[in-house]
Amino acid sequence: MRDSRAFHARARHYFYEILESSPQGSRTGRIVNSAIIFLIILSIATTVVESVPQLRADYGLLFKWIEYVSLAAFSIEYYIRVWIAPEHLPYRQMRPFAACRAFVLSPQGVVDFLTVAPLWIALLGFDDLRVLIILRILRVLKFARYSSGMRSLLEVLESERRALGACLVILLCATLVSATAMHLIEGQVQPDKFGTIPEAMWWAIVTLSTIGYGDVVPATGLGKMVASFTIIGGLVMIALPVGIVANAFSEVIHRRDFIVNWSMVARVPLFSHLTAGDIAHIMQLLQARQMDRGDIVFRRGEVAHSMYFIAEGEAEIELGPDQKGRRIRLGPGHFFGESAVLKRMERSATVRAVSRLRLLVLDANDLRALIAREPGIAKKINKIMHGRSGTPIEMDPAAKAEAISGGTL
C-alpha cells in the first residue's frame, strides 16, 4: 500500500513538472507545452476556416478529425491538471479532493474546462453550431498560461481593479449627465434621436468613447456646446484607464525582471559573499543576453569588451593552439572572458553555446571598478582561473591603477 502511494505521489509530481515546466525547464516539458500550444492554434484556426462554406464542404472531414484529436488531447490534459492540483503551491495544504475542487473552480480550471466543453455538449446531443463555435474560440484564453505578457496584464487588471472600477463609474456618470443634457436641449428638435434619455445615452456613449459614428449629431448651438464638452471629457475618460494600466504594467515587468535578475546574480558563486546592497549595485551593471544552441559568444582574436556569467544553459570554451585546442564545458554559475579583459588582450579562445544559453554580461570598465571595490572578487577569479588553466591572472598595471583611482560602482 505504501509503495503504491509513493508511486502515485512520484507520478503526480512528475506530470506536474512536465505541464508546469518553465521555458527553460526540462526538454520533455518544453515539448509537451509546445505541442499543446500548437494544438490550440490549430484548433482555433480550424474553427475560423470552417466557417467558410466552400472550405467546409471540401475539407469538412479533415476539420472534423482535427477537432476530435484536439478534444482528445485537451480532455487528457484537463484530467491530468485536475489530478496534479495538490502539487500546486496554493493547494498543498489541502486534502487531494479539496485541492482538485479548488482548481476546477479557479479561473484557470474554468478556462481548461471550456476547451473540452464542446465534446461534452456534443455527447449530450446539444450540437448547436453557434454554441460550439463560441466555446471553441474561447480556447484562445488558454494562451494566458503560456504567455508571460498575458499573465502580467491579467495581474495588472487584478491589482488595479479598484482604480479601473472608479474610472468606469465616472464614465457612467458622465454618460448619464451628457445624455440628460442633450435630451433637455435636443429632445424637442430631434425627438427620434434625443426624445428619451435612453436614446440620448447611445450618442453619449459613442461620443465619450471617442468613436463618434456621426449617425446622431446635435442641431442647436447649445447642443453643440454640450457636445464639445462631452468630446473633451471623453478624451480624459480614455486617458485615465490607459495611463493606469500602462504605469502598472511597467511596474509589474520591472518587478519581475528585478526578481529574475536577483536570483540569477545570487546563484553565481563569485558573488556569494556579497551583501544584498552589493548585489543590488551589481544588478545595475549587468545586462542579460540569450544565445541559442550553436551561437558563438565570441571568437579567438576579438577585442575583449566584457566578461560573462552563465545563468542558465551550458557553454564550451575552445582554447587556442598553446593549450592544444583543449575544450572546457561550463554550466550555470561559471564565468568566462575575464582573463582577456583584465590583461587587456585579445581573446585567446572561442566560446559557443552548447545549449540554449542565458548570460549576464559585465562590461570591462565595470569589472575593473568592481574589483577595485571588492578585492575578494579578484582573488576568487584568480583562484578559479588558476584551477581552470593552471595560470594565475595578473591585472594589467594600467588597468589596475585606473580602477583604484577612479573605479566606482
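Treat the numbers as computed from the prediction; the structure is a model and nothing was measured. Numbering of residues begins at 1 and proceeds along the displayed sequence.
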What one should report as the nearest heavy-atom pair of V216 and W202 is CG2-CD1, 4.3 Å

Centroid separation under 6.0 Å, is that true for the rings of Y16 and H88?
yes

If I take atom CG from residue L62 and atom CD from residue E67, how far apart are they, to the nearest 0.5 angstrom?
12.0 Å

Would you find a donor on one side and an acceptor on the other, under 3.5 Å apart, between the side chain of T207 and the backbone of A204?
no

My understanding is that only residues two or more places apart in sequence, or in another chain, count here; which of them pass salt bridge (Lys or Arg N to Asp or Glu O under 4.0 Å) with R352?
E318

Do side-chain atoms of D295 reach the backbone of D292 as a donor and acceptor pair under 3.5 angstrom?
yes

Could you state the interatomic distance from CG (L42) to CD1 (I66), rounded to the nearest 0.5 Å?
4.5 Å

With rounding to the nearest 0.5 Å, note down the distance linking OG1 in T46 to CG in L55.
11.0 Å

The single option from I40, V69, D112 passing side chain to side chain contact (heavy atoms under 4.5 Å, CB included) against F74:
I40

R161 atom CZ: more than 12 heavy-atom contacts under 6.0 Å:
yes

Under the ring-ring contact (aromatic ring centres under 6.0 Å, His included) test, which residues partner Y308, sequence neighbours left out?
F298, F336

Just to verify, what does R101 make a side chain to side chain contact (heavy atoms under 4.5 Å, CB included) with, not counting sequence neighbours?
F97, A98, L105

With E316 via salt bridge (Lys or Arg N to Asp or Glu O under 4.0 Å) - residues at least two apart:
R327, R329

Applying ring-ring contact (aromatic ring centres under 6.0 Å, His included), can you list everything that pairs with Y59, at least two apart in sequence or on another chain?
none

Gap separating the CD1 atom of I317 from the CG atom of L330, nearest 0.5 angstrom
4.0 Å

Pairwise distance OG(S106) to CZ(R81) - rounded to 0.5 angstrom
10.5 Å

Residues forming a side chain to side chain contact (heavy atoms under 4.5 Å, CB included) with S159, sequence neighbours excluded:
none

Name each donor-acceptor pair under 3.5 Å that joins a side chain in residues 170-177 to protein atoms two or more places apart or in another chain, with its distance.
unit_1, atom_1, unit_2, atom_2, d
T175, OG1, L171, O, 2.8

Which residues share a salt bridge (Lys or Arg N to Asp or Glu O under 4.0 Å) with R162, sequence neighbours left out
none

Between R56 (side chain) and E50 (backbone), is there a donor-acceptor pair under 3.5 Å?
yes

Can you give the donor-acceptor pairs under 3.5 Å from side chains of residues 221-237 to other protein atoms, not counting sequence neighbours?
unit_1, atom_1, unit_2, atom_2, d
S228, OG, K224, O, 2.9
T230, OG1, S178, OG, 3.3
T230, OG1, V226, O, 2.8

Let's go through Y78 and V104 carefully: what are the C-alpha distance in whole Å and the side-chain angles of both, what is the deciding distance for side-chain contact (heavy atoms from CB on, under 4.5 Å) to 0.1 Å, and is it a yes or a no?
CA-CA 9 Å; Y78 179 70; V104 169; 3.8 Å; yes

Is there a donor-acceptor pair under 3.5 Å between the side chain of H183 and the backbone N or O of F194?
yes

Identify, with sequence neighbours excluded, every residue that meets salt bridge (Lys or Arg N to Asp or Glu O under 4.0 Å) alongside E160.
none

Could you go through E314 and L357, starting from their C-alpha distance and side-chain angles, then the distance that decides it, and tell me whether this counts as side-chain contact (heavy atoms from CB on, under 4.5 Å)?
CA-CA 6 Å; E314 290 186 336; L357 195 62; 5.5 Å; no

In chain order, what residues pass the side chain to side chain contact (heavy atoms under 4.5 Å, CB included) check against P241, with sequence neighbours excluded?
L164, C167

So, R347 side chain and G337 main chain: donor-acceptor pair closer than 3.5 Å or not?
yes

Would you check if I80 and E77 make a side-chain contact, meaning some heavy-atom pair closer than 4.5 Å?
no

Compare every heavy atom of M182 with every heavy atom of P218, then report the nearest pair and how far apart it is.
CB-CE, 3.5 Å

Once rounded to the nearest 0.5 Å, what's the spacing between atom OG of S70 and atom CD1 of I41?
11.5 Å

Is R12 close to W83 at the side-chain level, that is, under 4.5 Å between some pair of heavy atoms?
yes

Residues in side chain to side chain contact (heavy atoms under 4.5 Å, CB included) with A102, at least two apart?
Y91, M94

Apply side-chain contact (heavy atoms from CB on, under 4.5 Å) to residues I36 and L19 and explain how you reach the verdict.
CA-CA 10 Å; I36 294 174; L19 288 180; 4.1 Å; yes

Side chains of Q290 and R356: does their closest heavy-atom pair fall under 4.5 Å?
yes

Are F63 and V49 close enough, and set up right, to give a side-chain contact (heavy atoms from CB on, under 4.5 Å), and what steps lead you there?
CA-CA 9 Å; F63 294 156; V49 174; 3.7 Å; yes

Give a yes or no on whether the backbone of G331 and the side-chain of H334 come within a donor-acceptor separation of less than 3.5 Å.
yes

So do the side chains of F103 and P86 get within less than 4.5 Å of each other, counting heavy atoms only?
no

